[in-house]
Protein chains: 2
Amino acid sequence: MASLGELERAVMDLLWAGHEPATANTLRDRLATTTEANGDAAGHEGKELAVTTVLTVLSRLEKKGLVERERGTRPHRYQAVSSREDHTAELMHEVLGSAPDREAVLARFIGSVTDTEAETLRKLLGHI
Amino acid sequence: MASLGELERAVMDLLWAGHEPATANTLRDRLATTTEANGDAAGHEGKELAVTTVLTVLSRLEKKGLVERERGTRPHRYQAVSSREDHTAELMHEVLGSAPDREAVLARFIGSVTDTEAETLRKLLGHI
DNA sequence: CGCATTGTTCTACACTCTGTAGAAGTCAAA
DNA sequence: TTTGACTTCTACAGAGTGTAGAACAATGCG
């Protein structure tokens, strides 16, 4: 279970960006300003959403296990369960695992990795 | 654009398994027998689907660019556009690219790779 | 050639997921 | 206790997916 909708993704991006836990209101404001002053580019929003909308999304993300909230404080504070990097790496593993011949997939994967990344990988594999 | 439904996935698996192009009827039969004699396990089907169902799914997969069909022959013959390995590797790249700090993701990724896989990677990176 | 058979496309519907938010309920401070 | 901030419930529309009947096309047989 993985895939996120556009807004869900945008919210996760915000949570991952500012590593502090954030309230629904904060997030709503940030959503409104994110990629502000972009003609349209790749960016998403620029629109004022209702707080309830953000809360709904946060609840769904919580249910998916991507977000957790501090219920103690009055405006609940939300934060990502794992870092973007961890999450992404985990996703990659999930994808990798979806094929029977993992080694073959890795071969193709490595085949189309940039030079820099190949270098990184070599380094990482070196001291294991 | 990536994610597949359960049935779509099952069909792709069949197309990837027997590398020959297959007809909708063949696929329907295979879907009925796939993981036959499984109490319920992880497997999917065991159910006789209508051929039209399979055709619909195939059309959708075609639209997604995952499948192509020979229109010449009377029972159209369908096949996967790219191998499971290529497809999966591409997906992995997509996921990797979804994070800003690819190197960091790779670090986490490598961190949780099996020994065998690490060995494979070393070999692959060696002769690049 | 006309018809039966086999195969393909169109249309449709139910269900889930996602975006979106109002209505209703809760809690704490003044 | 009333009010204002906050949360939860409920709802709905639109996309994607599973599922298939109805309608349309081609192809071989008599």
Side-chain angles (χ1 to χ4, degrees), chain A residues 1-15 21-32 34-35 40 43-79 91 94 98, chain B residues 1-15 21-32 34-35 40 43-79 91 94 98:
Chain A
M1 214 251 267
S3 86
L4 300 188
E6 196 172 347
L7 180 53
E8 290 176 334
R9 176 76 200 182
V11 168
M12 286 311 296
D13 279 344
L14 286 180
L15 290 177
T23 71
N25 264 292
T26 310
L27 291 171
R28 189 217 36 204
D29 293 347
R30 286 193 200 154
L31 280 172
T34 301
T35 46
D40 84 16
H44 3 211
E45 327 300 317
K47 201 174 137 199
E48 276 280 321
L49 292 176
V51 191
T52 48
T53 301
V54 179
L55 281 166
T56 304
V57 168
L58 283 168
S59 293
R60 288 175 184 165
L61 288 170
E62 194 184 24
K63 189 182 307 181
K64 291 186 189 180
L66 294 182
V67 155
E68 65 191 359
R69 74 172 99 186
E70 295 168 26
R71 278 197 142 90
T73 64
R74 187 46 170 148
H76 293 181
R77 297 164 68 76
Y78 298 78
Q79 66 188 319
L91 258 191
E94 234 170 73
S98 76
Chain B
M1 216 252 267
S3 86
L4 300 187
E6 195 172 347
L7 181 52
E8 290 176 333
R9 176 74 199 184
V11 168
M12 286 310 296
D13 279 344
L14 286 179
L15 290 177
T23 71
N25 264 293
T26 312
L27 291 170
R28 188 216 40 202
D29 294 347
R30 287 194 201 152
L31 280 172
T34 302
T35 47
D40 83 16
H44 3 214
E45 325 303 317
K47 200 176 137 200
E48 277 280 321
L49 292 176
V51 191
T52 49
T53 301
V54 179
L55 281 166
T56 304
V57 168
L58 284 168
S59 293
R60 288 174 184 165
L61 288 171
E62 195 185 22
K63 189 182 308 183
K64 292 187 190 181
L66 293 183
V67 154
E68 65 191 0
R69 72 172 99 183
E70 295 169 24
R71 280 198 141 90
T73 64
R74 188 42 173 156
H76 293 181
R77 297 164 70 75
Y78 298 78
Q79 66 188 319
L91 258 191
E94 236 170 72
S98 77

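Between the T53(B) side chain and the L49(B) main chain, no donor and acceptor come within less than 3.5 Å of each other.
Atom C1' of nucleotide dT8(C) and atom CD of E62(B) are separated by 12 Å, given to the nearest angstrom. As rounded to whole Å, 12 Å separates atom P of dG7(C) from atom OH of Y78(B). Atom CD in E8(A) sits about 17 Å away from atom P in dA15(D), given to the nearest Å. Straight-line distance from the CD atom of E6(A) to the P atom of dG14(D): 17 Å, rounded to whole Å. As rounded to whole Å, 14 Å separates atom P of dA21(C) from atom CG of L58(A). Distance, L27(A) CG to dT7(D) C1': 15 Å, rounded to whole Å. Between the P atom of dC17(C) and the CZ atom of R60(A) lies a distance of 10 Å, rounded to the nearest Å. Atom pair L7(A):CG and dG19(C):P shows a separation of 5 Å (rounding to whole Å applied).
Proximity of K47(A) to the phosphate of dT20(C): a side-chain N or O atom is located under 4.0 Å from OP1 or OP2. Residue R69(B) places at least one side-chain N or O closer than 4.0 Å to OP1 or OP2 of dT9(C). For dC17(C), neither phosphate oxygen OP1 nor OP2 lies less than 4.0 angstrom from any side-chain nitrogen or oxygen of K63(A). Dashed line: the shortest gap from a side-chain N or O of N25(A) to OP1 or OP2 of dC6(D) is under 4.0 Å. Neither OP1 nor OP2 of dT19(D) sits under 4.0 Å from any side-chain N or O of R28(B). At dT8(D), one or more side-chain N or O atoms of R71(A) fall inside 4.0 Å of OP1 or OP2 (strictly under the cut-off).
When the nucleotides dT19(D), dT7(D), dT20(C) are ranked by their closest atom to the side chain of T53(A), dT20(C) comes out on top. The side chain of R74(B) sits closest to dT27(D) out of dT27(D), dG21(D), dT8(D). Between dG22(C), dT18(C), dT19(D), one nucleotide has an atom nearer to the side chain of T56(B) than all others, and that is dT19(D). For L55(B), the side-chain atoms get nearest to dT9(C) when compared with the rest of dT20(C), dT9(C), dG18(D). Ranking dA21(C), dT19(D), dA22(D) by closeness to the V57(B) side chain, first place goes to dT19(D).
Contact of the R77(B) side chain with the R69(B) side chain is not registered, since no non-hydrogen atoms from C-beta on lie closer than 4.5 Å.
Along DNA chain C, the nucleotide closest to P75(B) and the one closest to L4(A) are compared, and the more 5′ of them pairs with P75(B).
The CG atom of L4(A) lies 7.0 Å from the CE atom of M12(A); values are rounded to the nearest 0.5 Å. One distance of note links CG of L61(A) with CG of L7(A); it measures 8.5 Å at 0.5 Å rounding.
Minimum interatomic distance between A24(A) and V54(A) (heavy atoms only, all atoms of both residues): O-CG1, 3.9 Å.
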